[in-house]
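Report on one structure; see the data block that follows.
Just so it is clear: chains get the letters A, B, ... in the order the sequence lines come, proteins before strands, and each one is counted from 1.
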Amino acid sequence: MLRVYNSLTRKIEEFAPLRGNRVKMYVCGPTVYDYAHIGHARTYVSYDVMARYLRNAGYSLFYLMNITDVDDKIIQRAAERGVHPLELAKEFERYFMEDLRDLRIESVNLFARASEHIDEIIDLIKGLLEKGFAYETSTGVYFDTEAFGPYGELSGREPEELSVHRIEPDPTKRRPQDFALWKLRPETELGWDSPWGYGRPGWHIEDTAIIMTYFGPQLDVHGGAIELIFPHHEAERAQAEAASGVAPFSRYWIHTGLLTVEGEKMSKSLGNIISIREVLRRYSAEELRYFYASSHYRSPVEFSWENLEAASRALDGIESVAQEFRSRDVSSEELDDRGRGLLEHLRTGKSRFISALEDDFNTPLALSVLHDSLRFTARYLETNDSVPEEARAEGEAFFALVNSVLGVFSGGLEPSSQLLDEVLSLILNVRERLRSEKRYELADAIRSALDSLGIRVEDTAGGARWRSASRRVVRR
RNA sequence: GCCCGGGUGGCCGAGCGGCUAGGCGGCGGCCUGCAGAGCCGCUUUACAGGGGUUCGAAUCCCCUCCCGGGCUCCA
């Protein structure tokens, strides 16, 4: 039974979708005006793991993500470059999609652009005005936070503290905490006609409109990074529940912790950005995903190249043992005590791995279970040449599960092509010959040349063995 | 200032009333032409500080200190 932390109740709750085993999940997507960084990746990989887990556990998941392509920052950046805002947005949306692909994120069912849901946004605002949750002024349409009782509940704020503000509020608003649903803008700027005049939607309304378009008044999981809980998610919830009269808008509100660098969150304003593509030039997606999985999704995660390197080494050890395990001969003889022990250990390992994930997606604990199982396996391999077929099947199932949820194994665990196998065995045979003739310089040169191709050669007592090490993204 | 999270061994990071977490790094050993990986041993009587509750506290309660985030740009 899956249990998840719900930000709304601040408790771990049993996960039960609104209808049967169907799960509607929405995650706040990017504002596409620049390259995404590894803080964004942390969030998207976290939800990817949750999505993979849910599907693996038998849920029928529909995963929806918005693309914010209407936004002041996009407009500003486009003006600087002398291009149309939607052109600029398209360009960075393309880069974002490339990043997702390179991060092995394929779990999103539908991406929805704000610019393509203006009608729905306008309808939603109309509804809010009719029900008395919004009011019109000379600068736009605003949400009346006082009319919506539970405002502040999600982020745990009292009404009086909500009026505190850093930026001078629009003077036509009734209260500082009221927020824009529609902003009137000059016709020279990007915008659309509306019953209230030419302009653009406010920050929060696109998400609500998109969710309600595809999911109706309720969804199961609403996700995003913790920094969005206020005011963004607070506002989304208010808009939706006010408009539909149905509560809760989202059954579970899930928030990911932020990625920090030297203790501070990664953000443009601090100038401590490392882009996804920059990291993927040096480390594989699998290594980065392992790094993320090694801390809990709600905890802040401190990025450093050293920490990523440590993750890479840990993953390397896992792959090495797994590879060795699968390369051994299979024995179909009756199980002896040790064989039975291995089988049992792998079986309980797999179930403990699942239990860890069921506990609010505790990936660090799940990884420790994996290490534990592999250490046991490695010990077995120290003193046994072959692997009982039952244990082999159990191990394969375990690794397949790990990979389908976490996506941390690179080519090393995929079946390689026959041609590659044959070519490598040819090369390694020649190299063996060189070694037996003590021509080590040439043998070592071959090993290091293969290594730079992503083929790691390891000489063991039983002969040379190779595996494809993590594949870095190579962009032409 | 107010509101949320946190502070666990050299580093990362689970645990959240009793049971060796795990990983990375370092040192020694086995194996080995070298490298790598693995195995064995050590680093390991760690839980910010101070009070309390309890037979028993990293875990519960109170106080203090420190760090991160939010307080209408943000994944």
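- Of the candidate nucleotides B:G5, B:A75, B:G25, B:G25 has the atom nearest to the side chain of A:Arg313.
- Straight-line distance from the CD1 atom of A:Ile67 to the P atom of B:A75: 11 Å, rounded to whole Å.
- If you check the side chains of A:Gln323 and A:Ser327, you find no donor sitting under 3.5 Å from an acceptor.
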Between the protein and nucleotides 18-21 of chain B, are there any N/O to N/O pairs under 3.5 Å, and if so, what are the atom names and distances?
residue, atom, partner, partner atom, Å
B:A21, N3, A:Ser368, OG, 3.3

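- Within the 4.5 Å cutoff, the side chain of A:Glu106 has no heavy atoms near those of the A:Leu100 side chain.
- Taking the ring axis of A:Tyr5 as reference, the NZ or CZ atom of A:Arg298 stays within 45° of it and closer than 6.0 Å to the ring centre.
- Residue-to-nucleotide contacts include a donor-acceptor pair under 3.5 Å from the side chain of A:Thr43 to the base of B:A75.
- For B:A14, the OP1/OP2 oxygens have a side-chain nitrogen or oxygen of A:Ser299 closer than 4.0 Å.
- Between A:Lys438 and B:C34 there is no side-chain N or O to OP1 or OP2 distance below 4.0 Å.
- Proximity of A:Arg456 to the phosphate of B:A35: no side-chain N or O atom is located under 4.0 Å from OP1 or OP2.
- Regarding contacts with the backbone of B:G36, every side-chain N or O of A:Arg447 stays at 4.0 angstrom or more from both OP1 and OP2.
- For the residue pair A:Thr383/A:Arg338, the side-chain donor-acceptor check at 3.5 Å is satisfied.
- Side-chain nitrogen and oxygen atoms of A:Thr260 include none within less than 4.0 Å of the OP1 or OP2 phosphate oxygen of B:G69.
- Taking 3.5 Å as the limit, the base of B:G33 and the side chain of A:Arg435 contain a donor-acceptor pair of atoms between them.
- Nearer the 5' end of RNA chain B, as judged by each residue's closest nucleotide, is the contact made by A:Tyr290, out of A:Ala443 and A:Tyr290.
- For B:A75, the OP1/OP2 oxygens have a side-chain nitrogen or oxygen of A:His40 closer than 4.0 Å.
- At a cut-off of 3.5 angstrom, counting only N and O atoms as typed in the model, there is no donor on one side facing an acceptor on the other between the side-chain of A:Asp72 and the base of B:C73.
- Below the 3.5 angstrom threshold, one finds a donor paired with an acceptor across the side chain of A:Asp444 and the base of B:G33.
- For the strand RNA chain B, secondary-structure stems (runs of at least three Watson-Crick or G-U pairs, all distances below 3.5 Å) span B:1-7 with B:65-71, B:10-12 with B:22-24, B:25-30 with B:38-43, B:48-52 with B:60-64.
- Judged by the 6.0 Å and 45° rule, A:Arg174 forms a cation-pi pair with A:Tyr135.
- A cation-pi arrangement is present between A:Arg282 and A:Trp305, with the terminal nitrogen or guanidinium carbon under 6.0 Å from the aromatic centre and inside a 45° cone about the axis.
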